[in-house]
Amino acid sequence: MPKPIQIAPSVLPADFSKLGDEIRALEAAGADRIHWDVMDGQFVPNLTIGPDVVASTRSHTSLPFEAHLMVLDADLLAPRFIEAGCSRLIVHAEACTHLHRTLESIQSMGATAGVSINPHTHYHVIEQVLDLIDLVLVMTVNPGFGGQSYIATMEPKIRKVRDLINKAGLSDKIDLEVDGGISATTIAAARTAGANVFVAGSALFKDPKGFSHAVADLRSRAEAVVTA
Ligand code: DX5
Ligand code: ZN
């Protein structure tokens with residue numbers, strides 16, 4: 001059974017003076033999980049939140065937390081984000097010298113692991129670790145900032161990753177997530193290419209009709225795509 005469509009709000013654009021309220025509102029709006037964009041100012045030219053911020057919101061929602069670790073040293077930070085309440089950690093293939101070991105370590109701490117690949121990175125980097133992950137994140141922007149334009153040339157890569165997952169017989173185990181520029185105008189193309197989890201920040205926080213409209217609209221547009 002293929003993994004379901006999921007909408008995973010990035011809280012990068014949230015009002016951090018009321019982060020708990022924002023997360024509760026996203027849950028009420030029908031979001032499936034919360035996507036934390038963690039940036040260290042080294043791997044990407046931006047610095048965002050640490051594990052204590054995540055921990056401070058854990059009791060405000062029952063939604064699963066996933067941490068998108070855009071950091072140079074995922075081995076150092078992984079335990080902290082698991083302690084903070086993240087059930088899935090997504091590491092960048094480009095930042096992990098020993099990716100297989102890092103993924104095994106995340107699993108040994110009781111979380112599930114995902115691998116993110118930047119626009120320039122070939123999807124072959126994940127071929128040898130499919131048995132250790134439950135998510136592949138194909139970046140549809142260059143990481144570091146919200147509000148960027150969707151890179152449509154990533155769609156052939158999304159399709160190849162989808163075919164790789166399906167050929168390995170892992171379509172019921174591994175999510176294919178996209179992150180960056182996902183909106184009402186781009187989600188159908190990303191779904192057609194094979195994605196099933198959609199990270200969105202600006203599309204949710206800038207919708208004048210609010211979170212419920214934004215989540216429902218994105219979900220319906222993805223569900224309307226007939227996939228092969
Ligand atoms: C990039 C971030 C963004 C964010 C979503 O490093 O990962 O992609 O989550 O940003 P929007 O949805 O505003 O493009
Ligand atoms: Zn992200």
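Note that ligands are numbered from 1 as they come in the structure, with each ligand's atoms numbered from 1 the same way. Just so it is clear, the structure is predicted and the values come from calculations on it, not from any experiment.
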Taking distance alone, with no angle check, do [X] and ligand 1 share an N/O pair under 3.5 Å?
X	result
G181	yes
V141	no
S202	yes
A203	no
D179	yes

Numbering as shown, the atoms of ligand 1 that approach [X] to under 4.0 Å (heavy-atom distance):
X	result
H68	7 (O)
F145	1 (C), 3 (C), 6 (O)
P143	1 (C), 6 (O)
G180	8 (O), 14 (O)
M39	6 (O)
S10	4 (C), 9 (O)

Between A200 and ligand 1, which residue portion shows a heavy-atom distance shorter than 4.0 Å: side chain, backbone, both, or neither?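 Backbone only; the side chain of A200 stays clear of ligand 1.
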Starting from [atom], what is the nearest protein heavy atom, named by residue and atom, and what distance separates them?
atom	value
atom 10 (O) of ligand 1	G146 CA, 3.5 Å
atom 6 (O) of ligand 1	G144 N, 2.7 Å
atom 12 (O) of ligand 1	G201 N, 2.7 Å

Any idea which N/O/S atom from D37 gets closest to the Zn ion (ligand 2)?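 Among the N, O or S atoms of D37, the one closest to the Zn ion (ligand 2) is OD1.
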Tell me, which N, O or S atom in H68 is closest to the Zn ion (ligand 2)?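 Nearest N/O/S atom of H68: ND1.
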Using a strict 4.0 Å threshold on nitrogen-to-oxygen distance, state whether [X] and [Y] make a salt bridge.
X	Y	answer
D163	K160	no
R219	D32	yes
D175	R33	no

Any cation-pi pair here, R191 with F198, using under 6.0 Å and within 45°?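 No - R191 does not lie over the ring of F198 by the 6.0 Å and 45° rule.
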Would you tell me whether T48 and D37 have side-chain atoms, one donor and one acceptor, within less than 3.5 Å of each other?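 No, no side-chain donor-acceptor pair sits under 3.5 Å.
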State the CD-OG1 distance between E27 and T61, to the nearest 0.5 angstrom.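 So the gap between those two atoms works out to 3.0 Å.
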Could you please spell out the steps behind the side chain to side chain contact (heavy atoms under 4.5 Å, CB included) verdict for L170 and I165? CA-CA 5 Å; L170 295 170; I165 292 169; 4.2 Å; yes
Please indicate whether K206 has more than 12 foreign heavy atoms, meaning atoms of other residues, nucleotides or ligands, lying under 6.0 Å from its NZ.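 No, NZ of K206 has 12 or fewer neighbouring heavy atoms, counting only those of other groups under 6.0 Å.
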How close do L218 and A184 get, heavy atom to heavy atom, and via which atoms?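 Distance-wise, the nearest heavy atoms are CD2-N, 3.7 Å.
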Would S116 and H92 count as a side chain to side chain donor-acceptor pair (under 3.5 Å) if you check the C-alpha gap in whole Å, the side-chain angles of each, and the deciding distance to 0.1 Å? CA-CA 5 Å; S116 181; H92 268 264; 3.2 Å; yes
Return the orientation label for the F205 and F211 ring planes: parallel under 30°, perpendicular over 60°, tilted otherwise.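 Answer is perpendicular, since the angle exceeds 60°.
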Could you grab the angle centred on the Zn ion (ligand 2), going from NE2 in H35 to OD2 in D179, to 10°?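 Nearest ten degrees: 100°.
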For E104 and L132, run side chain to side chain contact (heavy atoms under 4.5 Å, CB included): C-alpha distance rounded to whole Å, both residues' side-chain angles, the deciding distance at 0.1 Å, then the answer. CA-CA 7 Å; E104 280 189 324; L132 295 174; 3.9 Å; yes
I want to confirm something. Looking only at heavy atoms, which of T186, N118, D37 is nearest to atom 2 (C) of ligand 1?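 Result: the heavy atom closest to atom 2 (C) of ligand 1 is in D37.
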